[in-house]
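Below: the structure, in structure tokens.
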Number of protein chains: 2
Amino acid sequence: MLAYAVGMAERKSDRTRAAILAAARERFGADGYERATIRAIAADAAIDPAMVMRYFGNKEKLFAAAAEFDLRLPDLRDLPPDELGDALVRHFVTRWEGDDTLLALLRSSVTNEAAADRMRGIFAAQLAPTLRALAVEEPAVRAGLVASQTLGFALCRYILGIAPIATMSHDEVVAWLGPTITRYLTSSAP
Amino acid sequence: MLAYAVGMAERKSDRTRAAILAAARERFGADGYERATIRAIAADAAIDPAMVMRYFGNKEKLFAAAAEFDLRLPDLRDLPPDELGDALVRHFVTRWEGDDTLLALLRSSVTNEAAADRMRGIFAAQLAPTLRALAVEEPAVRAGLVASQTLGFALCRYILGIAPIATMSHDEVVAWLGPTITRYLTSSAP
DNA sequence: AAGAAAAGTCAACAGGTGTTGGCATATGCT
DNA sequence: AGCATATGCCAACACCTGTTGACTTTTCTT
């Protein structure tokens, strides 16, 4: 196999690797870590279960690979402070609905310690630093508060399907949760 | 077996029945529905796994029996509206920490539909009517919003263990979440 | 005290799980 | 073309799960 000027040529294994990862995210997202079986993931990807092991070693490592996630937080520095919450909430909802990874992470983190670690990492290593850059006081506390409202909303909307929450429009979600997040970011500590 | 004037005599089976239920709540709370095995629950209760089946039929029915839960919402009608959130949050936190059932329910509802049903039922059949009695508009929407912040907080504090959230005092929790809940109950629809 | 009913024990079943090693096929290089 | 390597499939393993039926021991009634 050669490396061309523009990068590696696409091997066939890259495609199945990607197919496995996509199927894994879907299954972990729909069933959670323990109920998502390697056999089911392999079937979705139309390959043999043994291939999953060859490519990722074991189930833990497969999950670790499938649950890599970047919040892709936008630059919020030139926003008026009282619009921070709205912007963050809108970003979260879109991010949540465009990618299976967060759902896989949420469903798995409740019963799997490695998944919980990942989830903690996202808020500690991605959200908290962003808040620090905004000169928010006690960024870790605020990040935790944002996590509590954000994850709770996702739980009610995407997993539990609590009726009025699950059917809200994006605008309604922003109107309800935005001010909460803004307060968590801008209010002085109690 | 006789029925006495003051009620049924306590059979031995009542004690083991209670022991099984307590062990079940603990295991479901610590491990979630699928990872909590009947064998482990039986071992905790110091009995034979077959007893669990004799007493409760199957795992589903055991969970149904173990996950019965009453929020025990206090009477909030003579509280000034701007103190509603504080009172509710304080009640939730205490209720959460004094009973394994809610944790079992939360951990299980993410991957088990019956548990999710129970969770929905708690907010639809216990919280929403209470809000209706307080003359809150759109009680179902407000109940859903309260659920989102309340469950999200529990997720972060008791399951994920997100650092600053997990170590907050009750007073801090009330100070941060109280105003949010109050707004969800008293603010007019957006 | 004798017998019925309740409570508890034991071993096994059928099915599903992650994981492994051996074997076949296809791909790409020289 | 021939060969090494990458890719894939199959069958099996050891283990764990919920669940069952037959058997023994305890408890209570008569």
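Proteins come first, then strands; the chains are lettered A, B, ... in the order of their sequence lines, and each starts at number 1.
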If I take atom [atom1] in residue [X] and atom [atom2] in nucleotide [N], what distance separates them, rounded to the nearest angstrom?
X: Met51(A); N: dT20(C); atom1: CE; atom2: C1'; answer: 12 Å
X: Glu60(A); N: dG18(C); atom1: CD; atom2: C1'; answer: 11 Å
X: Asp48(B); N: dA12(C); atom1: CG; atom2: P; answer: 14 Å
X: Arg39(B); N: dC15(D); atom1: CZ; atom2: P; answer: 14 Å
X: Ile38(B); N: dT20(D); atom1: CD1; atom2: C1'; answer: 12 Å
X: Met53(A); N: dC9(D); atom1: CE; atom2: P; answer: 16 Å
X: Arg35(B); N: dC16(D); atom1: CZ; atom2: C1'; answer: 14 Å
X: Arg54(A); N: dT7(D); atom1: CZ; atom2: C1'; answer: 7 Å

- Work out which heavy atom in Arg39(B) is nearest to a heavy atom in Pro49(B); give both atom names and the distance.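 Reported closest heavy-atom pair: CG-CG, 4.1 Å.
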Check this for me, if you would: do [X] and [Y] make a salt bridge, where the nitrogen-to-carboxylate-oxygen distance has to be below 4.0 angstrom?
X: Asp14(A); Y: Arg17(A); value: no
X: Arg95(B); Y: Asp99(B); value: yes
X: Asp44(B); Y: Arg27(B); value: yes
X: Glu137(B); Y: Arg132(B); value: no

- Query: Which is true for Phe56(B) with a 4.0 Å heavy-atom rule: it touches a base, it touches only sugar-phosphate, or it touches nothing?
  - Reply: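 No contact.
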- At under 4.0 Å between heavy atoms, what does Ala46(A) touch on the DNA or RNA strands: base, sugar-phosphate, or nothing?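 The residue Ala46(A) makes no contact with any strand.
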From C-beta outward on [X], which listed nucleotide comes closest to its side chain: [options]?
X: Thr16(B); options: dG8(C), dT19(D), dC10(C); value: dG8(C)
X: Ile47(A); options: dT19(C), dC9(D), dG8(C); value: dC9(D)
X: Tyr55(A); options: dT20(C), dT7(D), dG18(D); value: dT7(D)

- Query: Under 4.0 Å between a side-chain N or O of Ser13(B) and OP1 or OP2 of dA6(C)?
  - Reply: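 No, outside the criterion.
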